[in-house]
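In what follows, every chain begins at residue 1, and chains take the letters A, B, ... in the order their sequences are listed.
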Amino acid sequence: MAKEITERSQDYAQWYNDLVIRAGLADYSAVRGCMVIKPYGFAIWERMRDALDTKFKATGHQNAYFPLFIPKSFFSKEAAHVDGFAKECAVVTHYRLRNGADGQIEVDPQAKLEEELIVRPTSETIIWNSYRDWIQSYRDLPLLINQWANVVRWEMRTRLFLRTTEFLWQEGHTAHATAEEAIHETKQMLDVYADFAEQWMAMPVIKGVKTEQERFAGAVDTYCIEALMQDGKALQAGTSHFLGQNFAKAFDVQFANAQGGREYVWATSWGVSTRLMGALIMAHSDDQGLVLPPMLAPVQVVVVPIYKGADTISVLRDACQKLVHECQAVGLRVELDAEDNARPGWKFAHHELRGVPVRIAVGMRDLENGTVELARRDLQTKTTVSRDGIALVCQQLMNEIQETLFNKALDFRRSMTFEVDNWEDFQRRIEAGGLVAAHWDGSGATETAIKEATKATIRCIPLDQKSEAGSCIYSGQPSQGRVLFAKAY
RNA sequence: CGGGGUGUAGCGUAGCCCGGUAUCGCGCCUGCUUUGGGAGCAGGAGGCCGUCAGUUCGAAUCUGGCCACCCCGACCA
């Protein structure tokens, strides 16, 4: 057992916290609800960011940057939007400090802002205020912008990566001439997220639409990708919104169409955040520590020499260094851990904790036999293999591990997804965890009643929902298809 | 914002009931021996015991206030 990490079976929440801290992903900070993302954690985030950014560019988007501060008056222009976010906004009211009478620094009451500034919880309003000036004609459309930024939502209760007061994310904001085109964009970006989650994070997701209650404040439709965590709770990993003309109308963004008429533009917004880090951690990791998919692992292969007496050190280091170069030559991210201040066993445990997918150990015995010891983090297996061609073997192994992780997560999700047709089974299943596919009558009142009774929410109406006549699990009213219920993060 | 915890060295802790400036382990530094699953020995450094006040000759310990963080819940991504 890994030292310092609570076992999942004992306390899942504590396991998660221990992992984040001990694997060096993040620290608690001096500010409540805010975290410090440490270099190793940030390296993973950077890889996510770069992969997503490439996908955004490939679908025609450009990056830009809008202000952190939003004038309070902007916020109130879209009624649903302000309702959704008002309760969790940080507000800047002053712009200067001064020395107080007791020698303490205090806010200078003279320096009160004429109009308070909201620290952005999301940027629709400040961005659409600019879009009004940017968009005149249908020739300016579509406008496809993304920004990488930090946002602040004053949450009551926070958890490292999963819900922090300040978090990093990207938010795409696009403007289109027609509703069809905007809807297409919304779905396209949902696909981008789903592909990223499955191909890069090795995390299977379900694409779906949110119910009215779960919808983004100000959206016409909210699409989402939902993932199932190891404890049986669902996690919303990304959202893509069709905003209709809500923000265009609120900010008076019109364009001249080809016929010379004036129309409001159609909008989308979409985002994923550092919450994905939490999803990644909970999707694959075990009681030994982090398990990272090779495509996102900052270090894919770690090489550990096994010294035997001082005279072997330089020989082994040279041999390992050569191995490292070979791995680098085929594009692997490889690290040599040749420090003499930790023994092999400690290093093994350490790199397992950090989730490095593959470990190569090389001792004198291997040098004599022309072999190395290869260990897989995901299966916790180790084998002695020929040293020749090891770089290509590792390269191939990366694909295998990536696939194994995805399949394992998919198998898990399948084993935790249940079709349920009566209320008693429903309650039992929800209590036990997992995704429950059940009929729902489509009413918000029923949704609320189910939530109050079981704490389960409708995660989404799956896009691939089968048309199937049934009756609502709760009310018995007719239903045309199953929706997914789960307790969620 | 309610309920429950916790605050003593970088980390984990003992001491607190029954006041006398602090225990042990890990880690760190030096040296030697080691190195195929979290090394051994020897020596060493590191603390305003969360904070403020009170009681006392004397407070980690007793009393009161405050603060911070974590967990569970309501709210949310």
side-chain contact (heavy atoms from CB on, under 4.5 Å) between T211(A) and E447(A), intermediate numbers included: CA-CA 9 Å; T211(A) 63; E447(A) 189 178 357; 2.6 Å; yes
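- Contact record, C460(A) with E226(A): SG-CG, 4.3 Å, taken as the closest heavy-atom pair.
- R343(A) has a side-chain polar atom (N or O) that falls below the 4.0 Å cut-off from OP1 or OP2 of rA39(B).
- Within the nucleic acid shown, Y28(A) comes within 4.0 Å of sugar-phosphate atoms alone, with no base atom in reach, counting heavy atoms only.
- For rC41(B) and rG25(B), the P atoms lie 11 Å apart once the distance is rounded to whole Å.
- E155(A) comes within 4.0 angstrom of a nucleotide base, judged by non-hydrogen atoms across all strands.
- Listed nucleotides rC70(B), rG36(B), rG38(B) differ in distance to W346(A); the shortest reach to its side chain belongs to rG38(B).
- If you measure from atom CG of D287(A) to atom P of rG37(B), you get 22 Å, rounded to the nearest angstrom.
- Heavy atoms of T165(A) sit nowhere under 4.0 angstrom from any nucleic acid atom.
- Of the side-chain N and O atoms in R159(A), none sit less than 4.0 angstrom from OP1 or OP2 of rA77(B).
- The CG atom of L316(A) sits 10 Å away from the C1' atom of rU35(B) (whole-angstrom rounding).
- For D18(A), the salt bridge (Lys or Arg N to Asp or Glu O under 4.0 Å) criterion is met by no residue, not counting sequence neighbours.
- Within residues 363-386 of chain A, the residues having any heavy atom closer than 4.0 Å to RNA chain B are, in order of number, G363(A), M364(A), R365(A), D366(A), E373(A), K382(A).
- Comparing V362(A) and M156(A) against RNA chain B, the residue whose closest nucleotide sits nearer the 5' end is V362(A).
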Pairing annotation in dot-bracket form, given for RNA chain B with Watson-Crick or G-U pairs under 3.5 Å and | for cross-strand partners: ((((((((.[[[..)....(...]]].((((((.....)))))).....[[[[[..)....]]]]])))))))....
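- Pairs of residues two or more places apart, or lying in two chains, never qualify as side-chain hydrogen bond (donor to acceptor under 3.5 Å, both in side chains) while including a residue from residues 82-91 of chain A.
- Ring to ring, F216(A) and H81(A) are close: their centroids are under 6.0 angstrom apart.
- Using P as the reference atom, rU61(B) and rU8(B) are 14 Å apart when rounded to the nearest Å.
- Distances were taken from every side-chain heavy atom of R22(A) (C-beta onward) to each of rA77(B), rG12(B), rG36(B); the shortest belongs to rG12(B).
- Residue whose closest nucleotide on RNA chain B sits further toward the 5' end, between L160(A) and R215(A): L160(A).
- In this structure, rU21(B) is classed as syn because its glycosidic torsion stays within 90° of zero.
- If you take NZ of K451(A) and P of rG73(B), they are 13 Å apart, rounded to a whole angstrom.
- Two rings, from F161(A) and F167(A), have their centers 6.0 Å or more apart.
- Partners of R333(A) according to the side-chain contact (heavy atoms from CB on, under 4.5 Å) rule, which considers only residues two or more places apart in sequence or in another chain, are R47(A), Q300(A).
- Every residue was checked against the side-chain contact (heavy atoms from CB on, under 4.5 Å) condition with S76(A), not counting sequence neighbours, and none meets it.
- Straight-line distance between the P atoms of rU13(B) and rG7(B): roughly 8 Å, to the nearest whole Å.
- Rounded to the nearest Å, the gap between the C1' atom of rU21(B) and that of rU56(B) is 16 Å.
- What separates CG of N341(A) from P of rU33(B) is a distance of 17 Å, to the nearest Å.
- In this structure, of rG73(B), rC71(B), rC76(B), it is rC76(B) that holds the atom nearest to the side chain of R163(A).
- Counting non-hydrogen atoms under 4.0 angstrom, F167(A) reaches a base of the nucleic acid.
- Contacts classified as salt bridge (charged side-chain N to carboxylate O under 4.0 Å, His left out) and involving residues 306-326 of chain A (residues at least two apart or in different chains) are given here: E326(A)-R387(A).
- Partners of V220(A) under the side-chain contact (heavy atoms from CB on, under 4.5 Å) rule, at least two apart in sequence or in another chain, are F242(A), N246(A).
- With C1' as the reference atom, rC49(B) and rC24(B) are 16 Å apart, rounded to whole Å.
- With P as the reference atom, rG50(B) and rA59(B) are 15 Å apart, rounded to whole Å.
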Would you tabulate the nitrogen or oxygen pairs shorter than 3.5 Å linking the protein to nucleotides 3-8 of chain B?
none

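- Qualifying ring-ring contact (aromatic ring centres under 6.0 Å, His included) partners for W440(A), counting only residues two or more places apart in sequence or in other chains: none.
- Counting any heavy atom pair closer than 4.0 Å across all strands shown, A349(A) reaches a base atom.
- The ring-ring contact (aromatic ring centres under 6.0 Å, His included) search around W154(A) returns none, not counting sequence neighbours.
- A gap of 30 Å separates the P atoms of rG31(B) and rA22(B), to the nearest Å.
- Remark: aromatic rings of W270(A) and H61(A) are close, center separation under 6.0 Å.
- At whole-Å resolution of the value, CG in L353(A) and P in rG37(B) are 19 Å apart.
- Heavy atoms of L162(A) sit under 4.0 angstrom from at least one base atom.
- Taking atom C1' in both rU34(B) and rA45(B), the straight-line distance is 24 Å, to the nearest Å.
- A search for ring-ring contact (aromatic ring centres under 6.0 Å, His included) contacts involving Y16(A) returns nothing, not counting sequence neighbours.
- Note: CH2 (W15(A)) to C1' (rC71(B)) measures 17 Å, nearest angstrom.
- The OH-C1' distance, from Y307(A) to rU33(B), rounds to 17 Å in whole Å.
- Between the CG atom of D340(A) and the P atom of rG31(B) there is a distance of 12 Å, rounded to whole Å.
- Side-chain atoms of N17(A) lie closest to rC71(B) of the nucleotides rA39(B), rC71(B), rG37(B).
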